[in-house]
Colleague: 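Have a look at this one.
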Amino acid sequence: MLLAHKIELRPTEEQADYLNRACGSRRHAFNQLLAHFNQDGVKWSKKEANAVYKAIREQFPWYAEVSQRVTRNAVDDLHNAFSHFFRRIKNGEKAGYPKFKRKGQHDSFALREKPKFDVDGRTLRIEKLKTRIKLRQGLRFTGTPCQVTISKRAGKFFASILVDSSDYDPKDQQCGSVGVDFGIKDMAVCSNGHTFKANQKLKYAIKKLKRRQRALSRKKKGSNRYAKAKLAVAKLHYRISNQRLAVLHEISDYLTKNFKVITIENLNVKGMIRNRKLSRAIADCGFGMLRQFIEYKADFRDCTVVIADRFYPSSKTCHLCKTVNNELILKQREWRCECGARHDRDFNASINLDIYGRDTLQLDLKPYTIAT
């Protein structure tokens, strides 16, 4: 099993200079190759790309200041970009032609050969760098490191280390099944009564973000003060992103560790964001990323994820008598059924989703239990 662990690096000035030069070399090689194949009458060919790369390397001898694989892997990166481009054309999707890399945007490079790097405790060795780089923490997984990708964001360097490991603990699920209703006020409401409050950090940091962006707009592009103000904006975005990810990982960990069957909604996030009053709150929740986290962790932990039909009336259906209340509107958070039962909108939806999942799989699983 291949697992990746992303760790913050603590480089010295000399090491940071090497990492910046490596990012720049890889970006330059990629752009030179792409420029060649953008010429009229020149078709993409990996064989030709290898020949062009050799000529480029002779033309720019400063490539030799960093590991050869840093620039050589640009051929594989461009091959991957063109492969996805042709695949999307074949499937009738939006093509997405490969683009030139820009300095300061997604700066990164990869070493995909084991002899070119190694990890020892909380240090990382990279070819042609004399000293070992300190890691903020040790590797989370035991196994054989296969490749490392160094990236830069908000002025910080990170190493994503891919490990061939077999020590991932799937955990024993405690309960049978659960239904989960996503929302804005409560990020996730579970059919066992467990609730996760929404952690909308962008909402609380929006004033600070506006001030920093306003300060950035007043600086002259290319100046030192512009670079300093741009870094301040990037750091705040990075902090907000980490706070959002922390909540998404907490929810997905809880669900996949404790339940064998998880039923969630198939939300039309693109359509929901069109609501101008709720678009920022919906985007800040990260429903699409939460679904991805649940699905890949469920795959690791041998859980089953059931995606309810997009038009399944989970909120409008009474889970006791199955009556559908078509008059229920979005702002009504509680409603009373004809049978006399009073429902909390979100909790009722989570119970219906749990029932939907068990009925879909036709399994005799332990139903939801109200948390005490």
Side-chain angles (χ1 to χ4, degrees), residues 88 92-96 99 102 105-106 153-154 179-190 195-219 229-230 232-252 255 263-295 307-317 324-335 343-350 352-353 356:
R88 286 189 289 265
E93 304 172 4
K94 187 176 179 181
K99 297 181 179 179
R102 294 183 60 183
Q105 293 187 5
H106 309 292
R153 182 180 180 188
V180 188
D181 180 72
F182 298 146
I184 297 175
K185 183 179 178 182
D186 293 323
M187 181 73 180
V189 178
C190 304
T195 302
F196 294 90
K197 295 292 182 182
N199 186 19
Q200 296 182 3
K201 291 299 181 180
L202 177 60
K203 176 181 178 181
Y204 300 111
I206 197 70
K207 288 185 179 179
K208 185 183 291 186
L209 184 60
K210 284 180 179 179
R211 286 197 298 269
R212 293 190 181 184
Q213 289 176 327
R214 193 179 299 120
L216 175 63
S217 68
R218 293 168 179 165
K219 303 294 186 293
K230 185 178 179 181
V233 173
K235 284 184 176 180
L236 184 55
H237 274 298
Y238 173 66
R239 177 177 174 81
I240 295 169
S241 174
N242 281 349
Q243 291 170 330
R244 183 185 299 116
L245 286 174
V247 177
L248 300 184
H249 278 299
E250 180 186 358
I251 297 172
S252 56
L255 295 174
T263 307
I264 59 177
E265 304 168 280
N266 183 17
L267 295 177
N268 181 16
V269 179
K270 287 185 178 179
M272 294 165 65
I273 289 179
R274 292 178 187 146
N275 185 329
R276 297 182 63 184
K277 294 183 179 180
L278 299 176
S279 59
R280 180 185 292 163
I282 293 170
D284 198 18
C285 287
F287 292 130
M289 187 172 289
L290 177 57
R291 174 173 169 175
Q292 290 179 4
F293 286 4
I294 292 173
E295 288 180 334
I307 309 298
D309 183 82
R310 180 168 293 177
F311 301 103
Y312 174 63
S314 59
S315 298
K316 298 180 179 181
T317 304
V324 179
N325 181 7
N326 289 317
E327 297 180 358
L328 187 67
I329 58 177
L330 183 61
K331 68 178 182 180
Q332 287 183 258
R333 308 317 300 173
E334 293 184 357
W335 60 282
H343 299 300
D344 175 86
R345 180 193 184 101
D346 297 335
F347 183 59
N348 176 66
S350 67
N352 281 322
L353 288 170
Y356 179 97

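Computed from a predicted model, the values in this text were never measured in an experiment. Computation of the quantities below employed the complete heavy-atom set of this structure, encompassing side-chain atoms and omitting hydrogens, waters and symmetry-equivalent molecules.
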Colleague: Any donor-acceptor pair under 3.5 Å linking the side chain of N352 with the backbone of S314?
Modeller: yes

Colleague: Which pair of heavy atoms, one from M187 and one from C285, lies closest together, and at what distance?
Modeller: CE-O, 2.9 Å

Colleague: Can you name the side-chain hydrogen bond (donor to acceptor under 3.5 Å, both in side chains) partners of R244, sequence neighbours left out?
Modeller: D284

Colleague: Taking ring pair (Phe, Tyr, Trp, His ring centres under 6.0 Å) as the definition, give me every residue that meets it alongside H249, ordered by chain and number, with sequence neighbours left out.
Modeller: F293

Colleague: Once rounded to the nearest 0.5 Å, what's the spacing between atom CZ of R211 and atom CG of L236?
Modeller: 9.5 Å

Colleague: Grab the two heavy atoms, one from F287 and one from G183, that are nearest each other, plus how far apart they are.
Modeller: CZ-O, 3.4 Å

Colleague: Does R212 reach the main-chain N or O of V233 with its side chain, forming a donor-acceptor pair under 3.5 Å?
Modeller: no

Colleague: At what distance, to the nearest 0.5 angstrom, does NE2 of H237 lie from CG of N242?
Modeller: 13.0 Å

Colleague: Check whether any side-chain heavy atom of V247 lies under 4.5 Å from a side-chain heavy atom of K201, and answer yes or no.
Modeller: no

Colleague: Nearest 0.5 Å, what's the CG-CD1 distance between L278 and I184?
Modeller: 4.5 Å

Colleague: When rounded to the nearest 0.5 angstrom, what distance separates CD1 in I264 from CG in D181?
Modeller: 11.5 Å

Colleague: Would you compute the distance between atom CE of M289 and atom OG of S241 and round it to the nearest 0.5 angstrom?
Modeller: 7.0 Å

Colleague: Might you point out which heavy atoms bring A205 and I240 nearest each other, and give the distance in Å?
Modeller: CB-CD1, 3.8 Å

Colleague: Looking at K235, I want to see if its NZ is surrounded by more than 12 non-hydrogen atoms of other residues, nucleotides or ligands under 6.0 Å.
Modeller: no

Colleague: Locate the shortest heavy-atom distance separating C190 from L255; write the atom from each residue and the value.
Modeller: SG-CD2, 3.9 Å

Colleague: Should we count CZ of R280 as having more than 12 external heavy atoms under 6.0 Å?
Modeller: no

Colleague: Taking atom OH of Y204 as the centre, does the number of heavy atoms from other residues, nucleotides or ligands within less than 6.0 Å exceed 12?
Modeller: no

Colleague: Would you compute the distance between atom CG of L290 and atom CZ of F182 and round it to the nearest 0.5 angstrom?
Modeller: 4.5 Å

Colleague: Keeping the roles fixed (side chain from D344, backbone from F347), state whether a donor-acceptor pair exists under 3.5 Å.
Modeller: yes

Colleague: Assess whether side chain to side chain contact (heavy atoms under 4.5 Å, CB included) is satisfied between I307 and E295, documenting all intermediate values.
Modeller: CA-CA 10 Å; I307 309 298; E295 288 180 334; 3.9 Å; yes

Colleague: Which heavy atom of I282 sits nearest to which heavy atom of M272, and what is that distance?
Modeller: CD1-O, 3.4 Å

Colleague: Looking at every heavy atom in both A308 and N266, which two are closest together, and how far apart are they?
Modeller: O-CB, 3.2 Å

Colleague: Show, in sequence, the C-alpha distance, side-chain angles and deciding distance for N268 and K270, and conclude whether the side chain to side chain contact (heavy atoms under 4.5 Å, CB included) test is met.
Modeller: CA-CA 6 Å; N268 181 16; K270 287 185 178 179; 4.2 Å; yes

Colleague: Using modelled atom types only, decide if a donor and an acceptor are shared between the side chain of R345 and the backbone of R333 within a distance under 3.5 Å.
Modeller: no

Colleague: Can you name the residues that form a side-chain hydrogen bond (donor to acceptor under 3.5 Å, both in side chains) with Y312, not counting sequence neighbours?
Modeller: none

Colleague: Set out, in order, the CA-CA distance, both residues' side-chain angles and the distance that settles side chain to side chain contact (heavy atoms under 4.5 Å, CB included) for L209 and L202, then state yes or no.
Modeller: CA-CA 9 Å; L209 184 60; L202 177 60; 4.0 Å; yes

Colleague: So with a 6.0 Å cut-off around CZ of R310, is the heavy-atom count from everything else above 12?
Modeller: yes

